[in-house]
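Computed from a predicted model, the values in this text were never measured in an experiment.
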Amino acid sequence: MSRFLNVLRSWLVMVSVIAAGNTLQSFRDHGFLSEKLYTASPSLVNGLQARTFGVWTLLSSVIRCLCAIDIRNRTLYYITLFTFFLALVHFLSEVFIYHTAALTIGVMAPLMVASFSIMGMLIGLQYLEVEALSQNKKKN
């Protein structure tokens, strides 16, 4: 396996662990979301919304961790890539369409993680392709 894919796997595990921590925080105290993410409309954040956000974050965390474990699984790889696109669109829409979030560090951090992850995973696709081609040559 290429060094880049190993770094990508480590990145996915790190992002997954951080997301799991955010999940716990969302279940423990919904004020976390109004103080860190949805600062433009904190009154819209309630316990139900925080728990829904927590479940979504937990699902993303599990998918990303599973991809790190089995990075050659194409279906799982594309689903993981989609979770980052979904996060990017979500936070951008909250800032620029719904105006419930401001461009604070609490929002910029997930935007940067999603952006870097998308770039890394798109680059990783090239490495996976090269790896698959070289394995096919060895079989022939």
Side-chain angles (χ1 to χ4, degrees):
M1 181 177 300
S2 74
R3 183 180 179 133
F4 183 84
L5 289 176
N6 281 327
V7 170
L8 181 58
R9 290 174 72 205
S10 298
W11 171 261
L12 289 172
V13 168
M14 182 187 71
V15 170
S16 177
V17 169
I18 292 169
N22 288 339
T23 295
L24 293 175
Q25 189 67 32
S26 293
F27 279 99
R28 193 176 69 80
D29 177 22
H30 73 270
F32 165 75
L33 292 177
S34 60
E35 293 168 8
K36 301 291 183 196
L37 293 176
Y38 304 105
T39 56
S41 297
S43 62
L44 295 178
V45 178
N46 59 38
L48 175 61
Q49 191 268 338
R51 290 187 303 276
T52 302
F53 184 86
V55 169
W56 169 58
T57 304
L58 179 61
L59 179 60
S60 294
S61 173
V62 169
I63 290 169
R64 293 165 184 172
C65 187
L66 290 172
C67 184
I69 292 167
D70 187 12
I71 200 153
R72 290 186 183 101
N73 182 327
R74 290 285 183 155
T75 303
L76 186 55
Y77 195 93
Y78 284 115
I79 291 170
T80 303
L81 181 57
F82 181 73
T83 67
F84 290 114
F85 276 113
L86 189 61
L88 185 66
V89 168
H90 168 73
F91 288 110
L92 287 174
S93 68
E94 292 299 332
V95 171
F96 295 110
I97 297 172
Y98 302 113
H99 307 288
T100 56
L103 283 175
T104 62
I105 190 66
V107 173
M108 291 299 293
L111 286 173
M112 289 188 300
V113 167
S115 299
F116 293 147
S117 298
I118 289 167
M119 287 190 311
M121 291 195 75
L122 290 174
I123 293 167
L125 277 174
Q126 303 304 312
Y127 283 92
L128 287 172
E129 193 65 36
V130 167
E131 217 175 66
L133 288 173
S134 67
Q135 285 179 356
N136 283 342
K137 286 181 182 179
K138 286 180 185 178
K139 287 181 183 177
N140 293 334

*Asks:* Got a second to check how far E131's CD is from L5's CG, nearest 0.5 Å?
*Replies:* 5.5 Å
*Asks:* Do the ring planes of Y38 and H90 sit parallel (below 30°), tilted (30 to 60°) or perpendicular (above 60°)?
*Replies:* perpendicular
*Asks:* How long is the span from the OG atom in S93 to the NE2 atom in H99, to the nearest 0.5 Å?
*Replies:* 10.5 Å
*Asks:* I need the minimum non-hydrogen distance between V107 and L37, along with the two atoms involved.
*Replies:* CG2-O, 3.4 Å
*Asks:* If you round to the nearest 0.5 Å, how far is OG1 of T57 from CG of L24?
*Replies:* 10.5 Å
*Asks:* Provide the closest heavy-atom pair for L12 versus A68 in the form atom of the first, atom of the second, distance.
*Replies:* CB-CB, 3.9 Å
*Asks:* For residues A40 and A102, report the shortest heavy-atom separation together with the two atoms involved.
*Replies:* CB-N, 4.2 Å
*Asks:* Taking all non-hydrogen atoms of both residues, which atom of G54 and which atom of S26 are closest, and how far apart?
*Replies:* CA-CB, 3.8 Å
*Asks:* Between L88 and L125, is there shared hydrophobic-cluster membership here, with clusters defined by ILVMFWY side-chain heavy atoms closer than 4.5 Å?
*Replies:* yes
*Asks:* With side chains defined as the heavy atoms from C-beta onward, is the minimum distance between Y127 and L8 less than 4.5 Å?
*Replies:* no
*Asks:* Roughly how far apart are F53 CZ and L48 CG, rounded to 0.5 Å?
*Replies:* 14.0 Å
*Asks:* Do W56 and T23 come within less than 4.5 Å of each other through their side chains, counting heavy atoms only?
*Replies:* no
*Asks:* Hey, is the main chain of M121 close enough, under 3.5 Å, to the side chain of Y77 for a donor-acceptor pair?
*Replies:* yes
*Asks:* Please say yes or no: joined through hydrophobic side-chain contacts below 4.5 Å, possibly via intermediate residues, are L122 and L111 part of one cluster?
*Replies:* yes
*Asks:* Among the clusters formed by ILVMFWY side chains lying less than 4.5 Å apart, do V13 and F4 turn up in the same one?
*Replies:* no
*Asks:* Hey, could you give me the CG/CG distance between L44 and L33, rounded to the nearest 0.5 Å?
*Replies:* 12.0 Å
*Asks:* If you measure from SG on C65 to CG on D70, what distance do you get to the nearest 0.5 Å?
*Replies:* 11.5 Å
*Asks:* Could you state whether I123 and Y78 fall into the same hydrophobic cluster, counting links through intermediate Ile, Leu, Val, Met, Phe, Trp or Tyr residues with side-chain heavy atoms under 4.5 angstrom apart?
*Replies:* yes
*Asks:* Is a side-chain N or O of T80 found less than 3.5 angstrom from the main chain of R64, in a donor-acceptor match?
*Replies:* no
*Asks:* I need the minimum non-hydrogen distance between S117 and V113, along with the two atoms involved.
*Replies:* OG-O, 2.6 Å
*Asks:* Write down the atom of L128, the atom of I71, and the distance for their closest heavy-atom approach.
*Replies:* CD1-O, 3.7 Å
*Asks:* Would you kindly confirm whether F91 and F96 end up in one hydrophobic cluster when ILVMFWY residues are joined by side chain heavy atoms under 4.5 Å apart?
*Replies:* yes
*Asks:* Using only atom types and a distance under 3.5 Å, with no angle test, would you say the side chain of R51 pairs donor to acceptor with the backbone of G47?
*Replies:* yes
